[in-house]
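Convention: sequence-line order gives letters A, B, ...; per-chain numbering from 1. These values consider heavy atoms only, across backbone and side chains, with no hydrogens, waters or symmetry-generated copies. These numbers come from a predicted model, not from an experiment.
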There are 4 protein chains.
Amino acid sequence: MPKTMRAIAKLKPQEGVNLIEWKVPKIRPKEVLVKVKCASICGTDLHIYHWDHWSSSRIKLPQIIGHEFSGYVIEVGKDVEDVKEGDYVSAESHETCGFCYGCRIGMRVYCKNYKILGVDRSGCFADYVVIRADTVWKNDKSIPPEVASVQEPLGNAMYVVSDSNVTTKSVLITGCGPFGLFATAIAKRCGATLVVAVEPNPYRRKLAKKVGADFILNPMKDDVESTVQKLTDGEGVQVVLEMSGQPQAIKQGLKLLRHGGRLTLFGLPSDEVPIDIAEGVIFKGAHLVGISGRKIFETWYQVSELLKRKLIPVENIITHKFPLEDFQKGFDLMKKGECGKVVLEVS
Amino acid sequence: MPKTMRAIAKLKPQEGVNLIEWKVPKIRPKEVLVKVKCASICGTDLHIYHWDHWSSSRIKLPQIIGHEFSGYVIEVGKDVEDVKEGDYVSAESHETCGFCYGCRIGMRVYCKNYKILGVDRSGCFADYVVIRADTVWKNDKSIPPEVASVQEPLGNAMYVVSDSNVTTKSVLITGCGPFGLFATAIAKRCGATLVVAVEPNPYRRKLAKKVGADFILNPMKDDVESTVQKLTDGEGVQVVLEMSGQPQAIKQGLKLLRHGGRLTLFGLPSDEVPIDIAEGVIFKGAHLVGISGRKIFETWYQVSELLKRKLIPVENIITHKFPLEDFQKGFDLMKKGECGKVVLEVS
Amino acid sequence: MPKTMRAIAKLKPQEGVNLIEWKVPKIRPKEVLVKVKCASICGTDLHIYHWDHWSSSRIKLPQIIGHEFSGYVIEVGKDVEDVKEGDYVSAESHETCGFCYGCRIGMRVYCKNYKILGVDRSGCFADYVVIRADTVWKNDKSIPPEVASVQEPLGNAMYVVSDSNVTTKSVLITGCGPFGLFATAIAKRCGATLVVAVEPNPYRRKLAKKVGADFILNPMKDDVESTVQKLTDGEGVQVVLEMSGQPQAIKQGLKLLRHGGRLTLFGLPSDEVPIDIAEGVIFKGAHLVGISGRKIFETWYQVSELLKRKLIPVENIITHKFPLEDFQKGFDLMKKGECGKVVLEVS
Amino acid sequence: MPKTMRAIAKLKPQEGVNLIEWKVPKIRPKEVLVKVKCASICGTDLHIYHWDHWSSSRIKLPQIIGHEFSGYVIEVGKDVEDVKEGDYVSAESHETCGFCYGCRIGMRVYCKNYKILGVDRSGCFADYVVIRADTVWKNDKSIPPEVASVQEPLGNAMYVVSDSNVTTKSVLITGCGPFGLFATAIAKRCGATLVVAVEPNPYRRKLAKKVGADFILNPMKDDVESTVQKLTDGEGVQVVLEMSGQPQAIKQGLKLLRHGGRLTLFGLPSDEVPIDIAEGVIFKGAHLVGISGRKIFETWYQVSELLKRKLIPVENIITHKFPLEDFQKGFDLMKKGECGKVVLEVS
């Protein structure tokens, strides 16, 4: 075992991240050490890169970043019972407390005290990462490392789709970044009868087509409203998955929602959004539900089954792979939106 | 059978309604004629009285108003199968179309073409009223006429409460007009463990106490936020029933909602309301659901059972009874908010 | 319009049905007359053919049979509002009463007084059939007549699958007659990650393969139990769809069900079945739900969308088409189980 | 701290239990030591007392029994974070594994590897008991020790009732042992409009009356079927809670269930029960659900709120209190069924 390792870290309170040499971390009794194989870049990493309001108020410097990965366990703490050296794993990046109301009722997604890998403790954009044993997810051997590394964001999309109950329904998906693309692929796989995707970026519109959207609209050019009404015989869609955080998309989604329909809010608006509660929500009997994170570990089981059985075209969404050293290329693509999911091949 | 009858009608496009003499209406093959016993005044009637934007754009004059009542069937159309002369009845005021998507999937509450008694056809503030046979609800004989006449608004509150699944939960009810009072009584009866009611009007705060609220707060004076946090060990409430339509109440409700909690929107805001989607909805995993109308006839069955078994103190909410001629007294009280439910005793 | 027509009828209380000449039926004010294009044979028709206990105690002779069809409306009763001459239609075979508890709460599938086409009134194995206007379902023009005629049994399977919530779940389907085959195709389409079908008949096992089952087992030869345990890492399946009515299949299904799993009972056993309530249901937290009929008309909307978007391989399940006169060939195939769905081409 | 303590233990493979002197147990890093205040006798303890098939095949002798209790924490393991000396506590008796599918999806009630206090490790019928810190439930100070000790069985009843969604529904409860009595009180509190209890034992029929059943029937004498049909206008009940394990009660429950109704199975039959699947389950659209254990810790929160707010008459169900030494009196009463819940006052 080497003493030091490569890592991507935030060092200073300014734009950008750096490749550094750092000591290989030590495990505690309930933790395991993982040799990272692949890691993927999340929108959260980009927020940290930009050092926005959220990241600058939460993160203590220096901080090794990254929380989506796959790799092999190479050391196991003395109190760990269910993980072994050699296990091929990924991990839930949210360490939940176990004591709060959410944790105790079995809804760890509502934990009030969670800590995030690569945000509150050293992350996985590195040769080695230490994680708490109870966050480990054992991967099926048939799933390639780059695919295994994107299970966590795939899990967010899975939670969005399965909680929205899209089967045999018409679905509008606003925003086709990586989460929106995952949601599109999963919704189609889960029996949505009509999937209309809305996305301004032409690169991502092409991806939406590839992963199964029935119709793809450009909100800058197409008449989204009349198209959706026509496709649904004037009834509107039964489900809207809002993945963009754009106020206009939220309002349009509500407008296009059928009576008794469901609007899932996942994209984060930066400000308050004025909502027409009377017409848009009450007279319509609309259901608006906010989703963040994943159902731990229900979502992981669901995602794992989809991948194991090769039921979604996830390879079409992983558009770029770079060696760890070329992380800057990945961040640059993310900034432009000229990518689906970007994977760093660490070892 | 007399040729003419008394009725309360909107005659001119201006404030107020009048007592008039009018011909007794005729039934068609699928309709029945009811001799009205009691009728109750709804907020909708007050809107018509004030001739606000909604009523002036929907109603054709002259129009006999009123849609909540109880009475006896005295004539039955030739194609009516299930209603008989002498039946003691009330009625669902929404005539649904039977053809639209909502009707066909069994959710008549989502009908797109419904017509309302006392709005789109002659109402029940009159000695006689004609209704479509399939809107008839047969009352249990043990329920007094004034109580039977408020089953419809009670049904709205029932829908609000039962759809919000309050059993063993902490509940915040914002707004204690008649709907809020009904909701308070029902929530407590349905096993809410904590009911906190918020209402500025002192008359209605007293009523809220009488019908079972555990704590009643004045939003003009009390620190609602810290009180609710204290009562819920800092977790917030599991359910908010928003009955006021006040933007401030909606925002406060979202803020006081527990992770994974449910906010039911029933009160109609007159404008758009700015909502903190990121913090208030997404990170909280909040469920916001709009409710209007009643589940036809599921809600009627529920309300009827509660009344038959005398399980809610509805008599405390019916604060005033007047003969039909004194309708003006009722409208005056409604305007001031110095009442619960006002019943007109027609015969 | 001719005076008489061809029809398949049960004439005497014994095995078999006959082709007869019969007068074209007349419509009443709320009914429509349909010229039948295609009709399909259901298991119920076979029960009537055999004149079993159920049919002999319910049906009055003579009786024109058949209840699954597609065709064109050629005459419309005077009180019919929403159906027009020329409409391309099928129909829900259950005429519900509108008065009972089930009907009034919007769950017509629970109607206590329903009448069935081809059982309680003249059926559709004929050139013309009269149906109540509110049972009409308007078909999308893109759906071929033979496919449109099987929408009703497809609807039963749709109800079974959607009520069982199979998305991302492992599913065991016991029995691959037409209903089981439809359920297999729909479950796979609706995101079941693993579908294991069990069926003794080799002809139907081949069909199960064709419509998407991942594994097909022969209960007479294969070790169903160990295979399912292996495929599910020893956890058992999350959902069992029991389509055979075989006591052994029900017991095996319960045994192979995961903790908290769902077993849907659709196949009708002829006798009581001994159930291990303690181990099989209580300690397992199992959910057993009986399904019959369809959600009127929610299921029709769902089926229609699947067909319109060509999302299920229904053409693989319609294995035979015969002219009306060759009805006997169809019944013979059904008796042997050497078919999927058999369609009669009437005109 | 003394070296030894009193305890009730099973010593030999035969009927009966004994009061013994035993060494005070030691805690491990994640455990706590509790001085027991009150403990209550469960049906499971009676099974062990009788040394029936289940207990004799599971339990290793000698074994200190008992799993329902309240007390004070007097020592805390070094790795315990959330429990402190002096805490007034009870505990979930099921220690779940944390690794299996059920545990990982947040449904610890489905854990496959749980261990039970007083069955698989030393129990609480003793002056001191050691429990795992994550099973601790902190009691509200307002709840008396004898009431706090029955929270666990109350939790089973709570799970039965809340999972059955009884609000505004008619409910039949078969069997009024302690679980049935708790279920009766909770169902009434949670808004069941009609509760009919069925119980042969006159002592327990009286208790059922006291805790809120609207009608109490003796299955040996009363015509349960016609009475229930009459009380429900011939529709049958919407919910059956089967708490007796009697085959006749299960069959009768199914028969009296309304279309679309719910039958919850909690009482454990000793053998297979023949079920009329076709008429009783399928044509009825019945939902049969098995319940055992509690939702950890959701049920505890629910029970705790009901007790804290004094919303159920639990004091009427705790019929007897004895000092620890008089345990035999308690077991004798349990054998005869001449009791509700029996509490042992330990210190």
Undergrad: Below 4.5 Å from any heavy atom of chain A, which atoms of D:V136 appear? Answer side chain, backbone, both or neither.
TA: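 When you check distances to chain A, only backbone atoms of D:V136 fall under 4.5 Å.
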
Undergrad: Which bit of D:C103 is near chain A, if near means a heavy-atom gap under 4.5 Å: side chain, backbone, both or neither?
TA: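 Interface part for D:C103: backbone (N, CA, C, O).
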
Undergrad: State whether D:E92 and D:R108 are salt-bridged, where the test is any N-O pair (Lys NZ or Arg NE/NH1/NH2 against Asp/Glu carboxylate O) under 4.0 Å.
TA: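 Answer for the salt bridge query: no.
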
Undergrad: Do the non-hydrogen side-chain atoms of A:R58 and A:I116 ever get within less than 4.5 Å of each other?
TA: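 Heavy-atom side-chain distance check passes, below 4.5 Å.
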
Undergrad: So which of D:R104, D:E298, D:E81 has the biggest tally of heavy-atom pairs under 4.5 Å with chain A?
TA: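 Greatest number of close heavy-atom pairs with chain A: D:R104.
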
Undergrad: About how many Å separate CZ of A:F182 and CD1 of A:I317, when rounded to the nearest 0.5 Å?
TA: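 Result: 5.0 Å between the selected atoms.
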
Undergrad: Salt bridge check: are A:R121 and A:E95 linked by an N-O gap of less than 4.0 Å?
TA: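 Salt bridge flag = yes for A:E95 with A:R121.
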
